[in-house]
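Everything below concerns the one structure shown next.
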Amino acid sequence: MTRPSPKMIASTRKASSRMADRNTPFIYNEWYVGAFSKEIQRELLARTLLGKRVVFYRTESGSPVALEDRCPHRSFPLSESHLEGDTIVCGYHGFRYDSQGDLIEVPSQKECPRGVGIHRYPVVEKGQVVWIWMGDPELADESRIPRQSWMEDENWECSSGYLYHKGNYVSMHENLMDLTHLSYLHADTIGTPDYARAPYEVQLDEGNYKLTRNVVPTTLSPVWGKSTGLNDRDTAARIITSEFISPGLHRVSGKFYDSALPEEQREEFQICTAHILTPETHSTMHYFLVHGRDFATQDEEITEFMHEQLFAAFHEDVVGLGILEERLEEHDESVYEVSVASDAPAIATRTYLKKRAMEEHDAEAVS
Ligand code: FES
Ligand SMILES: [Fe+2]
């Protein structure tokens with residue numbers, strides 16, 4: 001068997017240095033989901049996002065607020081303090097901050113220093129999530145939020161959940177783009193053996209990468225078979241598209257139908273999952289998930305069944321990629337990786353992430 005030569009390994013390493021990995025700087029000038037709407041209430045919520053500590057709360061009029069979670073007096077965490085109206089009173093010496101992050105009271109003196117405060121992060125609430133901009137506030141353009149209309153469509157039934165992932169977000173993007181793993185990592189849950197060998201098409205546009213797999217005919221795993229009623233046939237069609245939408249969002253959408261029926265008689269069943277990836281640190285990630293379907297929308301039993309099945313599978317990703325992360329930690333430089341043809345959109349995704357990160361990083365270094 002021919003093994004790669006040292007020269008080949010060196011050139012592969014060089015190529016892989018163009019791709020993002022767990023050591024790549026974060027992309028701050030981007031919208032990420034900071035929390036589900038329901039998590040932000042009239043209590044202080046601490047969360048680390050892209051390596052920065054943030055405290056969330058909701059004002060009395062209901063608007064979400066995100067502030068830097070550090071009192072500039074002596075660094076006490078404001079999330080360990082308390083809310084009074086719309087202000088936070090530091091739990092150490094009582095400095096008070098308003099919802100803009102401005103220091104408005106110092107109890108030990110009459111005059112409050114002017115122009116002192118903490119960073120306030122732009123946030124936008126859309127449907128069931130709160131988006132946050134961790135970068136330069138001047139660049140926070142709401143029109144760039146990768147909004148998903150199906151998540152807010154009343155004709156779709158959605159369920160959501162959260163997983164804490166001990167792994168980096170780049171590997172998770174790659175995992176979602178390379179669904180050949182369904183036949184292996186998810187062999188006991190949502191995968192079928194034919195998935196990895198099915199024909200596929202890729203679409204590579206700058207910043208938007210897709211891979212569509214046509215598994216026809218096939219038998220459906222229970223999560224799709226039972227919910228669509230196609231479980232008793234081996235003529236089902238399963239068309240799934242993985243799509244990188246932004247550094248914080250990957251969508252997997254799909255449709256199922258009975259391929260034995262003529263096109264005009266087919267009933268199509270559509271699903272979508274928003275895999276919302278927000279780095280916590282370089283080796284941990286907040287994994288927000290919203291799954292939706294456009295069929296059996298009133299059937300709560302199906303909602304519960306699908307949620308349970310899908311989260312069992314997502315848990316497999318978290319376990320599998322957690323093991324991967326431990327291995328990656330053992331390498332102190334870019335490792336030698338072999339890629340194959342179906343990796344093209346994953347490579348494009350990682351190359352794009354690296355490019356965005358380095359552009360931002362280099363601009364920061366110059367300024
Ligand atoms: S550390 Fe917050 S008031 Fe002193
Ligand atoms: Fe998976």
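Order of listing sets the numbers, starting from 1, for every ligand and every atom in it.
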Task: Atom name of the N, O or S atom in His93 that lies nearest to atom 4 (Fe) of ligand 1 - done: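 In His93, the N, O or S atom with the shortest distance to atom 4 (Fe) of ligand 1 is ND1.
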Task: Metal site atom 4 (Fe) of ligand 1: N/O/S of His73 inside 2.8 Å - done: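 So His73 counts as coordinating atom 4 (Fe) of ligand 1, yes.
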Task: Cys90 near atom 4 (Fe) of ligand 1: N/O/S under 2.8 Å - done: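 Of the N, O and S atoms in Cys90, none lies under 2.8 Å from atom 4 (Fe) of ligand 1, which means no.
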Open item on the list: Just checking: Glu316, one of its N/O/S atoms, less than 2.8 Å away from the Fe ion (ligand 2), yes or no?
Closed with: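 Not a single backbone or side-chain N, O or S atom of Glu316 is under 2.8 Å from the Fe ion (ligand 2).
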Open item on the list: Check for me whether the distance between the ring centres of His275 and Phe314 falls short of 6.0 Å.
Closed with: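 Centroid separation for His275 and Phe314: below 6.0 Å.
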TODO: Determine whether the aromatic ring centres of His73 and Phe95 lie less than 6.0 Å apart.
DONE: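 Here the rings of Phe95 and His73 have centres that are less than 6.0 Å from each other.
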TODO: May I ask you to list the atoms of ligand 1 that are less than 4.0 angstrom from any heavy atom of Phe76?
DONE: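 It comes down to these atoms of ligand 1: 1 (S).
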Open item on the list: Checking Ser253 against Glu243: is there a side-chain donor and acceptor pair closer than 3.5 Å?
Closed with: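 Per modelled atom types, Glu243 and Ser253 side chains form no pair under 3.5 Å.
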Task: Salt-bridge criterion met for Arg293 and Glu157 (N-O under 4.0 Å) - done: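 Looking at Arg293 and Glu157, the cut-off is not met.
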- [ ] Determine, for Arg58 against Glu43, whether the closest basic-nitrogen to carboxylate-oxygen distance falls under 4.0 angstrom.
- [x]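 Between Glu43 and Arg58 there is no salt bridge, as every charged N stays at least 4.0 Å from the carboxylate O atoms.
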TODO: Of the side chain and backbone of Tyr92, name the one, both, or neither that has a heavy atom under 4.0 Å from an atom of ligand 1.
DONE: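 For Tyr92, only side-chain atoms sit under 4.0 Å from ligand 1.
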Task: Closest protein heavy atom to atom 1 (S) of ligand 1, given as residue, atom name and distance to 0.1 Å - done: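 Looking only at protein heavy atoms, the one closest to atom 1 (S) of ligand 1 is Arg74 N, 3.3 Å.
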